[in-house]
Amino acid sequence: MNRKIVNGIVILIVIILVGAVFIAKQAGTGNVSSMQSSIDNNATREQSDRTPLEIAEFSPDLIQKNEKPLIIVMGESWCQPCLRMMPDLTELNRTVEDIEIRYMDLGENEAAFQYFPIRVTPTIAVFMPEGKPFTPPEDSAIDYILYTYKDSGEHALTIHEGYLTREQLESMIEDLRDA
């Protein structure tokens, strides 16, 4: 009988310990979860007046109704140079207030192919407010391509094809500020 009591007490102690560990882990996870939730809520409040980086559905109105200079980086989910640019684009979108910086996944925005001459990814389109074409300075460090309307020869669009480093993106931002 003593042996049965000892075995019962050991089993009871093991159950209590397992339960205590389970409760402790749940409490710890709750604290981390609530802390992360608090961080996310603060970040959301700080960003609530900011335009999101990603363009969910492209429309030419997005460009023509824009009140700030605009940089649109167009890429695809499989594009490695596009993916390498994302951290810089995210940071610049968060910190640069006088220029709007956006990213458009071409796989989700096929309408962009009708509006932009996309030959490579990333393709970066640059606009002045209200969709006016950006005219880059002659001494720019960025290789821009200027497109014109066939019938009138008027400047229609300015783009850059290919990957840009953080420094080059900042140079593009300075070009827009100086325009």
Side-chain angles (χ1 to χ4, degrees), residues 39-40 42-179:
I39 291 169
D40 291 345
N42 288 338
T44 301
R45 264 186 262 115
E46 289 175 12
Q47 295 294 316
S48 63
D49 61 336
R50 308 285 299 168
T51 303
L53 177 64
E54 298 208 26
I55 297 171
E57 189 173 325
F58 174 74
S59 164
D61 285 347
L62 176 117
I63 296 165
Q64 295 160 350
K65 292 182 178 180
N66 204 53
E67 297 176 3
K68 299 178 185 178
L70 172 66
I71 297 172
I72 299 177
V73 179
M74 294 168 272
E76 300 203 54
S77 60
W78 52 262
C79 170
Q80 290 303 308
C82 304
L83 296 174
R84 280 196 317 265
M85 288 177 66
M86 285 305 288
D88 292 331
L89 293 173
T90 301
E91 177 67 18
L92 291 169
N93 180 54
R94 189 178 65 75
T95 59
V96 174
E97 295 184 13
D98 57 330
I99 296 171
E100 192 170 320
I101 300 167
R102 305 291 301 271
Y103 176 82
M104 179 169 37
D105 186 327
L106 295 169
E108 297 175 13
N109 289 283
E110 293 183 16
F113 287 101
Q114 297 172 4
Y115 195 82
F116 297 103
I118 301 166
R119 302 183 300 177
V120 301
T121 55
T123 293
I124 303 168
V126 188
F127 298 94
M128 296 306 291
E130 299 172 0
K132 293 183 174 79
F134 165 66
T135 303
E138 290 184 26
D139 63 343
S140 177
I142 307 298
D143 293 326
Y144 295 101
I145 301 170
L146 278 61
Y147 285 87
T148 58
Y149 293 109
K150 205 182 268 189
D151 52 344
S152 68
E154 181 183 354
H155 183 189
L157 178 65
T158 301
I159 66 166
H160 169 79
E161 294 178 330
Y163 173 80
L164 290 177
T165 64
R166 170 71 177 246
E167 291 151 351
Q168 291 171 316
L169 287 166
E170 289 171 348
S171 179
M172 180 178 278
I173 289 167
E174 288 306 314
D175 287 348
L176 268 167
R177 286 177 175 152
D178 293 343

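The shown structure was predicted, so the numbers you read here are calculated from the model rather than taken from an experiment.
- Here CD1 of Ile159 is found 14.0 Å from CD1 of Ile71. Values are rounded to the nearest 0.5 Å.
- Looking at residues two or more places apart in sequence or on another chain, you find no side chain to side chain donor-acceptor pair (under 3.5 Å) involving Thr121.
- Not counting sequence neighbours, the partners of Glu91 by the side chain to side chain donor-acceptor pair (under 3.5 Å) test are Arg94.
- The side chain to side chain donor-acceptor pair (under 3.5 Å) search around Arg84 returns none, not counting sequence neighbours.
- Counting only distance, with no hydrogens or angles, the side chain of Ser140 and the backbone of Pro137 share no donor-acceptor pair below 3.5 Å.
- Around the CD atom of Glu130, the shell of radius 6.0 Å holds no more than 12 heavy atoms that belong to other residues, nucleotides or ligands.
- Remark: side-chain polar atoms of Thr158 are paired, donor with acceptor, to backbone N or O of Phe134 under 3.5 angstrom.
- Applying the side chain to side chain donor-acceptor pair (under 3.5 Å) rule to Tyr103 yields no partners; only residues at least two apart in sequence or on another chain are considered.
- Gly162 and Ile124 make their closest contact through O-CD1, 3.9 Å (heavy atoms, listed as atom of the first residue, atom of the second, distance).
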Scan the side chains in residues 108-118 for donor-acceptor partners under 3.5 Å anywhere in the protein, sequence neighbours excluded, and list what turns up.
unit_1: Asn109; atom_1: OD1; unit_2: Phe58; atom_2: N; d: 2.8
unit_1: Asn109; atom_1: ND2; unit_2: Ile55; atom_2: O; d: 3.3
unit_1: Asn109; atom_1: ND2; unit_2: Asp105; atom_2: O; d: 3.1

Pairs of donor and acceptor atoms involving the side chains of residues 72-81, under 3.5 Å and at least two apart or interchain, shall be tabulated with distances.
unit_1: Glu76; atom_1: OE1; unit_2: Trp78; atom_2: NE1; d: 3.3

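- Glu100 places none of its side-chain heavy atoms less than 4.5 Å from the side chain of Pro69.
- The minimum heavy-atom distance between Met128 and Pro133, with the atom names listed, is CG-O, 3.8 Å.
- Here the CE-NE2 distance, from Met172 to His160, works out to 6.0 Å after rounding to the nearest 0.5 Å.
- Nearest heavy-atom pair, Arg102 versus Glu54, reported as atom, atom and distance to 0.1 Å: NH2-O, 3.4 Å.
- Here the side chain of His155 pairs no donor or acceptor atom with the backbone of Thr148 at under 3.5 angstrom.
- Contact detail for Leu164 and Gln168: the closest heavy-atom pair is CA-OE1, 3.3 Å.
- Between Met86 and Leu53, the closest heavy-atom pair is CE-CD2, 3.6 Å.
- Under the 4.0 Å criterion applied to side-chain N and carboxylate O atoms, Arg177 and Asp98 are assigned as salt-bridge partners.
- One finds the OH atom of Tyr144 at 3.5 Å from the CG atom of Asp175 (value rounded to the nearest 0.5 Å).
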